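The structure displayed is predicted, hence computed values, not measured ones.
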Amino acid sequence: MSHFSSSTQAPSVEPSATTPRRVRRWLLAAVAVIIVLMYLVPYTLLSDINAWYGSFLFWTLTTLAVLIINAVLAFGWED
């Protein structure tokens with residue numbers, strides 16, 4: 001005998017359940033911190049590096065991080 005019912009339904013996932021409000025706030029704060037770092041780090045910590053690729057690599061990685069955060073935030077959006 002089977003212990004599983006044939007009328008089981010998959011639980012519905014609401015957008016608010018996929019990204020809770022508290023997590024969204026932290027992610028938005030992280031984006032704000034990353035944007036500030038994108039201005040500060042190249043002109044302070046990386047100022048001794050005369051090659052262009054120091055700042056370019058940093059800006060590329062931070063931009064990728066912001067894109068990933070935005071994708072996570074926008075994943076549960078609906079019309």
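Using a 4.5 Å cut-off between side-chain heavy atoms of Ile, Leu, Val, Met, Phe, Trp and Tyr, with links allowed through other members, Tyr39 and Leu67 fall into different hydrophobic clusters. In the hydrophobic cluster analysis, where Ile, Leu, Val, Met, Phe, Trp and Tyr join through side-chain heavy atoms closer than 4.5 angstrom, Leu28 is grouped apart from Trp26. Leu61 and Val33 sit in two unconnected hydrophobic clusters of ILVMFWY residues. Membership requires side-chain heavy atoms under 4.5 Å apart, directly or through other members. If you chain together hydrophobic residues whose side chains sit under 4.5 Å apart, Ile68 and Leu57 never meet in one group.
Applying the 4.5 Å side-chain rule to ILVMFWY residues, one finds Val36 in the same cluster as Leu40. By the 4.5 Å side-chain criterion applied to Ile, Leu, Val, Met, Phe, Trp and Tyr, Tyr43 is assigned to no cluster and stands alone.
Contact annotation: the side chain of Thr62 never approaches that of Leu37 to less than 4.5 Å [non-hydrogen atoms, C-beta and beyond]. Within the 4.5 Å cutoff, the side chain of Arg24 has no heavy atoms near those of the Val72 side chain.
For the atom pair Arg22 CZ and Leu27 CG, the distance stands at 13.0 Å (nearest 0.5 Å). In this structure, CD1 in Ile34 is found 9.0 Å from OG1 in Thr63, a value given to the nearest 0.5 Å. The CD1 atom of Ile69 sits 10.0 Å away from atom CG of Leu64, with the distance rounded to the nearest 0.5 Å.
Taking the side-chain contact (heavy atoms from CB on, under 4.5 Å) definition, one finds that Ser55 meets it with Pro42, Leu46, Trp59, sequence neighbours left out.
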